Amino acid sequence: MTNLLIIGPPGAGKGTQAVRIAERLSIPAISTGDIFRANIKEQTPLGQQVSAILDRGELVPDSLTNDLVADRLQQEDAKNGYLLDGYPRTAGQVEFLDGVNAERGEKLHAVVRLVADKNEVVARLLKRAAEQGRSDDNEETIRNRMDVYDRETAPLVEIFASRELIVEVDGIGEVDEVTQRILEALSGRGIQ
C-alpha cells in the first residue's frame, strides 16, 4: 500500500513524473484534471455539474472536487494505493483526504515536492508555449501562475512538512534523471 502526492510549480514536470513513478510502484497516477475531463466526457452527474461550472468560467468548488477524488479512490485500481497530482490544493482538501484515508484505514506515506529554479521553469514553459503555439503562455502569465502556486502551496507544504512527509527532489534535468532521483528519495523512505 503506497499513497503519495506530487507537488511542484507549473512546468516542473509533475504530470510526466507522476505517470512514471506510479507505473514503477504499480499504483494509478490520478490527476484531478484527468478526473474532471473523464467525468465530463462520460457525462456522469458529477461531470455535468463540473461542465456547467466551467462553462460559467468559475472554479470547481472544493466540495465537488473532493467528491470526484473520493469516488476515484474507491475504484479497483486504487485499492493498493495512489499517486495524486493536482490535489489537494487547499488545507480543506488536505483535511478531506485525511478523512478518506482514515475511512480506508490508510494514511499518506510521502509528498514528492519537485523543486525547480524559477527562471529555468519559465524558460521551459516559454519553449513549450512556442512549440505548441500557446499564445496565452507569455512570460508575465507564467510568472504570475508561479506566484499563485507559491502562495497557494506554501500552507500545504507547511502542513506536510510538519508531518515529516515531504520528499524534496530537484525537478530540473533529463526526465530519466529526475525519475531516478524521485525513486531513490522514496526508497530512502522505504517506498519501493
Side-chain angles (χ1 to χ4, degrees), residues 1-42 44 46-47 50 60 62 65-90 93-116 121 124-125 128 149 152-153 156-157 159-161 163-192:
M1 176 66 55
T2 304
N3 297 325
L4 303 173
L5 305 179
I6 188 165
I7 60 175
K14 292 181 303 294
T16 299
Q17 293 302 332
V19 169
R20 297 182 81 161
I21 299 306
E23 221 168 72
R24 291 289 282 276
L25 299 175
S26 300
I27 56 176
I30 301 171
S31 153
T32 46
D34 290 347
I35 294 172
F36 290 158
R37 285 185 287 280
N39 276 274
I40 289 168
K41 184 179 177 188
E42 294 165 18
T44 66
L46 287 173
V50 169
V60 179
D62 277 3
T65 303
N66 289 342
D67 289 346
L68 287 165
V69 170
D71 176 69
R72 179 62 183 89
L73 293 181
Q74 290 173 11
Q75 293 174 20
E76 183 65 22
D77 67 337
K79 74 178 191 299
N80 292 319
Y82 57 79
L83 192 163
L84 285 171
D85 169 14
Y87 181 92
R89 288 183 185 259
T90 65
Q93 289 178 351
V94 171
E95 197 174 305
F96 182 83
L97 182 60
D98 287 343
V100 169
N101 282 330
E103 283 175 23
R104 292 166 55 119
E106 300 169 15
K107 64 178 183 168
L108 196 57
H109 296 100
V111 176
V112 175
R113 181 179 185 206
L114 289 180
V115 180
V121 172
R124 185 187 285 182
L125 288 173
R128 183 176 79 184
Y149 166 81
E152 290 179 355
T153 308
L156 301 186
V157 170
I159 291 169
F160 297 132
R163 299 178 186 184
E164 298 181 359
L165 291 172
I166 298 280
V167 176
E168 278 199 1
V169 177
D170 180 2
I172 299 298
E174 293 298 317
V175 174
D176 289 342
E177 288 174 21
V178 176
T179 302
Q180 196 55 42
R181 284 184 213 138
I182 294 170
L183 291 170
E184 286 171 8
L186 289 173
S187 180
R189 291 282 185 107
I191 298 168
Q192 300 186 27

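Everything quoted here is computed from the prediction, not taken from an experiment. Numbering of residues begins at 1 and proceeds along the displayed sequence.
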Asks: Looking at residues at least two apart in the chain, or sitting in another chain, which of them share a side chain to side chain contact (heavy atoms under 4.5 Å, CB included) with Gln74?
Replies: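 Side chain to side chain contact (heavy atoms under 4.5 Å, CB included) list for Gln74, sorted by chain: empty.
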Asks: Among Leu73, Asn66, Val69, which residue meets the side-chain contact (heavy atoms from CB on, under 4.5 Å) test with Val100?
Replies: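 Among the candidates, only Leu73 passes.
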Asks: Please round to the nearest 0.5 Å and tell me the distance separating atom CD1 of Ile30 and atom OH of Tyr87.
Replies: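 Going from the CD1 atom of Ile30 to the OH atom of Tyr87 covers 11.5 Å.
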Asks: Other residues, nucleotides and ligands only: do more than 12 of their heavy atoms fall within 6.0 Å of CD on Glu95?
Replies: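 For Glu95, atom CD is not crowded (no more than 12 foreign heavy atoms under 6.0 Å).
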Asks: Go through the steps to decide whether Phe96 and Thr65 satisfy the test side chain to side chain contact (heavy atoms under 4.5 Å, CB included), and finish with yes or no.
Replies: CA-CA 10 Å; Phe96 182 83; Thr65 303; over 6 Å; no
Asks: Assess the residue pair Asp176 and Arg20 against the criterion (salt bridge (charged side-chain N to carboxylate O under 4.0 Å, His left out)); give the C-alpha distance rounded to whole Å, side-chain angles, the decisive distance to 0.1 Å, and a yes or no.
Replies: CA-CA 9 Å; Asp176 289 342; Arg20 297 182 81 161; 2.4 Å; yes
Asks: Using a 3.5 Å distance criterion without hydrogens, assess whether the side chain of Gln17 forms a donor-acceptor pair with backbone atoms of Gly13.
Replies: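 No, because the side chain of Gln17 does not come within donor-acceptor range (under 3.5 Å) of the backbone of Gly13.
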Asks: Locate the shortest heavy-atom distance separating Pro28 from Gly81; write the atom from each residue and the value.
Replies: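 Taking Pro28 first and Gly81 second, the nearest heavy atoms are CD-O, 3.3 Å.
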Asks: Check Gly11 against Leu125 and note the closest heavy-atom contact, atom names and distance.
Replies: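 Closest approach of Gly11 to Leu125: CA-CD2, 3.6 Å.
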Asks: Could you tell me whether Asp34 and Arg72 have a side-chain N and a carboxylate O separated by less than 4.0 Å?
Replies: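 The answer is no: the pair does not qualify as a salt bridge.
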Asks: Which distance, rounded to the nearest 0.5 Å, do you find between the CG of Leu5 and the CG of Leu156?
Replies: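 Going from CG on Leu5 over to CG on Leu156, the span is 9.0 Å.
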Asks: Under the 3.5 angstrom rule, does the side chain of Arg181 hit a backbone N or O of Asp170 as a donor-acceptor pair?
Replies: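 Checked: pair present.
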Asks: Might you point out which heavy atoms bring Val167 and Ala110 nearest each other, and give the distance in Å?
Replies: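 Between these two residues, the closest heavy atoms are CG2-CB, 4.0 Å.
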Asks: For Val50, run the side-chain contact (heavy atoms from CB on, under 4.5 Å) check against Asn39, Ile35, Ile40 and tell me which one passes.
Replies: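 Per the side-chain contact (heavy atoms from CB on, under 4.5 Å) rule, the option paired with Val50 is Ile40, out of Asn39, Ile35, Ile40.
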Asks: Does Thr179 use its side chain to pair, donor to acceptor, with the backbone of Val175 at less than 3.5 Å?
Replies: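 Such a contact is found between Thr179 side chain and Val175 backbone.
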Asks: Kindly say whether Asn3 contributes a backbone atom to a donor-acceptor pair with the side chain of His109 at under 3.5 angstrom?
Replies: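 At least one qualifying donor-acceptor pair exists.
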Asks: Please identify each residue that fulfils side chain to side chain contact (heavy atoms under 4.5 Å, CB included) with Glu168, with sequence neighbours left out.
Replies: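 Counting only residues at least two positions away or on another chain, Glu168 forms a side chain to side chain contact (heavy atoms under 4.5 Å, CB included) with Arg113, Val115, Ile166.
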Asks: Distance from Arg124 atom CZ to Arg128 atom CZ, nearest 0.5 Å?
Replies: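 Arg124 atom CZ to Arg128 atom CZ measures 9.5 Å (nearest 0.5 Å).
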Asks: Got a second to check how far Ile27's CD1 is from Thr2's OG1, nearest 0.5 Å?
Replies: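 Atom-to-atom, Ile27:CD1 and Thr2:OG1 are 5.5 Å apart.
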Asks: Show, in sequence, the C-alpha distance, side-chain angles and deciding distance for Val60 and Thr32, and conclude whether the side chain to side chain contact (heavy atoms under 4.5 Å, CB included) test is met.
Replies: CA-CA 11 Å; Val60 179; Thr32 46; over 6 Å; no
Asks: Can you find a pair of side-chain heavy atoms, one from Leu4 and one from Ile191, that are under 4.5 Å apart?
Replies: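 Leu4 reaches Ile191 side chain to side chain.
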Asks: Could you tell me whether Arg24 atom CZ has more than 12 heavy atoms of other residues or ligands within 6.0 Å of it?
Replies: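 It does not: Arg24 CZ has 12 such atoms or fewer within range.
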Asks: Among all residues two or more places apart in sequence or in another chain, which pass the side chain to side chain contact (heavy atoms under 4.5 Å, CB included) test with Asp67?
Replies: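 Here the qualifying residues are Leu46.
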Asks: Between Arg163 and Asp98, what is the shortest heavy-atom contact and its length?
Replies: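 So the minimum-distance heavy-atom pair works out to NH2-OD2, 2.7 Å.
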Asks: How many angstroms lie between atom CE of Met1 and atom CZ of Arg104, to the nearest 0.5 angstrom?
Replies: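 Output value for this atom pair is 6.0 Å.
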Asks: Please report the shortest heavy-atom distance between Gly15 and Asp85, naming the atom on each side.
Replies: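 Heavy atoms of Gly15 and Asp85 come nearest at CA-OD2, 3.5 Å.
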Asks: Return the CG to CG distance between Leu25 and Leu183, rounded to the nearest 0.5 Å.
Replies: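 That separation rounds to 6.5 Å.
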Asks: For Asn101 and Tyr82: C-alpha separation, side-chain torsions, deciding distance, then whether side chain to side chain contact (heavy atoms under 4.5 Å, CB included) applies.
Replies: CA-CA 11 Å; Asn101 282 330; Tyr82 57 79; 2.8 Å; yes
Asks: Go through the steps to decide whether Val112 and Leu83 satisfy the test side chain to side chain contact (heavy atoms under 4.5 Å, CB included), and finish with yes or no.
Replies: CA-CA 10 Å; Val112 175; Leu83 192 163; over 6 Å; no
Asks: So, for Ile6 and Lys14, which heavy atoms are closest and what is the spacing to 0.1 Å?
Replies: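 Smallest heavy-atom distance, with atoms named: CD1-O, 3.9 Å.
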